[in-house]
*Asks:* 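One structure coming up, written as structure tokens, with questions to follow.
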Number of protein chains: 2
Amino acid sequence: MGEPQELAIVERFMRERGMRWTTQRTLIAKVALDSHAHFSADELLSMCQQEDADVSRATVYRTLSMLEAAGFVEGLDTGEGKRRFEHVLGHCHHDHMVCTNCGKIIEFRDDALEKRQEIAAKAEGFQIESHSLKLFGRCKNCRENTLSEVDKSL
Amino acid sequence: MGEPQELAIVERFMRERGMRWTTQRTLIAKVALDSHAHFSADELLSMCQQEDADVSRATVYRTLSMLEAAGFVEGLDTGEGKRRFEHVLGHCHHDHMVCTNCGKIIEFRDDALEKRQEIAAKAEGFQIESHSLKLFGRCKNCRENTLSEVDKSL
DNA sequence: ATCAATGCAAACCGTTTGCATCGGC
DNA sequence: GCCGATGCAAACGGTTTGCATTGAT
């Protein structure tokens, strides 16, 4: 995982636009791009504060929306009432399965799916800019655990 | 559109569970099931108050979550920061295209899409309970208007 | 008469914002 | 030194909740 180069890309992006490359932005971007998880703004804040106390919630939100607008990070709504973000720079597009039991998020990709979406859009004269596909249900683990619980009760 | 029977179904559902069929629930369910639109809780409240002033915001929210839990209504997140709901009882499943310019919501259905989702889930040992697919972009109308604006500026 | 449902207003919670201060450039 | 970025705390907006009252059964 090549965070150093990625961080440099973010820095360059900001500087080119006349934005200041502050210690907070460096830290937030580093932690966000380092993470392989789907983190909430709050979790990102905690992760940053673990490394260095000098970050505020407001700055995390502000930096996060810049990173999102720039396309380095992507927000997704998992139905918990708050957004989660994922590292997107240098990763290819994928969709998500969200386990409604344990909250696990599984990434998957299916080109046929993407193509069908394009076809459906074309039929309506609609031009897709982005899309969001989430499958909600039970992950493999939770299904197995549920089954064994049922077994026990028999 | 057969609201009377649908309303009776909701009433029966509630009564069977020992819930009281109040004037507020009758009104809210009627208005919600009458609507062909994707309404927010607030809009539903206004629609109800137009017909009868005796409904509170709290009751709209409480009734809405019952209707959703019962499967008469379905909530979807269009990315506006608030949920929208749609009449689902007696309608077959569909997905949505959301115009990021005018907010228009287009319903569409593609069986091949659904099948690919099942295949992708099976590959992960995931059992789908529900899913959410939204295409964000520009609707036909907005595309045409945008084009003519460009034309004008030339 | 009972107890669930309602209305009100306050609480909630994630997120945004105004403003004085700080710090990159 | 300038002006953009930060921190703080207050504001925001959708939604939920505690509690006294109302009303369906």
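Just so we're on the same page: letters track the sequence lines, and every chain starts at 1.
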*Asks:* Ring of Phe13(A), cation from Arg17(A) - is the NZ or CZ under 6.0 Å from the centre and inside 45° of the axis?
*Replies:*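 Verdict for Phe13(A): a cation-pi partner in Arg17(A).
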
*Asks:* Over how many whole Å does the gap from Leu45(A) atom CG to dG7(D) atom P extend?
*Replies:*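 Value for this atom pair: 10 Å.
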
*Asks:* Between Glu43(A) (CD) and dG14(C) (P), how many Å, whole number?
*Replies:*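 Glu43(A) atom CD is separated from dG14(C) atom P by 11 Å.
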
*Asks:* Relative to the 5' end of DNA chain D, which residue comes earlier, Lys82(B) or Ile28(A), by the nucleotide with the nearest heavy atom?
*Replies:*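 Going by which nucleotide is closer to the 5' end, it is Ile28(A).
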
*Asks:* Can you measure Glu11(B) atom CD to dT25(D) atom C1' for me and round it to whole angstrom units?
*Replies:*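 So the CD-C1' distance, Glu11(B) to dT25(D), works out to 13 Å.
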
*Asks:* Send over the distance from Gln24(A) CD to dC8(D) P, rounded to a whole Å.
*Replies:*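 Going from CD in Gln24(A) over to P in dC8(D) covers 11 Å.
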
*Asks:* Measure from CZ on Arg17(A) to C1' on dG24(C) and round the result to the nearest Å.
*Replies:*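 The distance from CZ of Arg17(A) to C1' of dG24(C) comes to 19 Å, rounded to the nearest Å.
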
*Asks:* Specify the separation, in whole Å, of atom CD of Gln49(A) and atom C1' of dC8(D).
*Replies:*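 Taking atom C1' of dC8(D) as the reference, CD of Gln49(A) is at 13 Å.
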
*Asks:* For Asp54(A) and dT6(D), what is the distance between atoms CG and C1' respectively, to the nearest whole Å?
*Replies:*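 Distance, rounded to whole Å: 10 Å.
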
*Asks:* Would the Phe108(B) and Phe126(A) ring centres measure less than 6.0 Å apart?
*Replies:*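 No - the distance between ring centres of Phe108(B) and Phe126(A) does not fall below the 6.0 Å cut-off.
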
*Asks:* Quiz question: going by heavy-atom distance under 3.5 Å, is there a donor-acceptor pair between the base of dC8(D) and the side chain of Arg57(A)?
*Replies:*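 Answer is no: no donor-acceptor pair is held.
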
*Asks:* Looking for any heavy atom pair under 4.0 Å, which part of the strands does Gly81(B) touch: base, sugar-phosphate only, or nothing?
*Replies:*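 Touches sugar-phosphate only.
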
*Asks:* Looking at Arg62(B) and dG7(C), is any side-chain donor or acceptor paired with a base atom of the opposite kind under 3.5 Å?
*Replies:*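 It does, because a donor-acceptor pair links the side chain of Arg62(B) to the base of dG7(C) below 3.5 Å.
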
*Asks:* Closest nucleotide of DNA chain D for Tyr61(B) versus for Arg15(B): which of these residues is on the 5' side?
*Replies:*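 That would be Tyr61(B).
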
*Asks:* On DNA chain C, check which nucleotide each of Thr22(B) and Asp42(A) is closest to and give me the residue with the more 5' one.
*Replies:*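 Looking at DNA chain C, the more 5' nearest nucleotide goes with Thr22(B).
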
*Asks:* Testing the 3.5 Å rule here: is there a donor-acceptor pair between the side chains of His93(B) and His131(B)?
*Replies:*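 Per modelled atom types, His93(B) and His131(B) side chains form a pair under 3.5 Å.
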
*Asks:* Could you state the CE-C1' distance from Met19(B) to dA5(C), rounded to the nearest angstrom?
*Replies:*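 Taking atom C1' of dA5(C) as the reference, CE of Met19(B) is at 10 Å.
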
*Asks:* Taking N and O atoms by type only, does the side chain of Arg20(B) place a donor or acceptor under 3.5 Å from a partner on the base of dA5(C)?
*Replies:*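 Not at all, since no donor on one side and acceptor on the other fall under 3.5 Å apart.
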
*Asks:* It should be established whether Ser56(B) places a side-chain nitrogen or oxygen under 4.0 Å from OP1 or OP2 of nucleotide dT6(C).
*Replies:*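 Answer is no, no contact under 4.0 Å.
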
*Asks:* Taking 4.0 angstrom as the limit, do Arg84(B) and Glu43(B) come out as a salt bridge?
*Replies:*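 Yes.
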
*Asks:* Does the side chain to side chain contact (heavy atoms under 4.5 Å, CB included) test come out yes or no for Leu133(B) and His96(B), once each step is laid out?
*Replies:* CA-CA 7 Å; Leu133(B) 170 60; His96(B) 299 95; over 6 Å; no

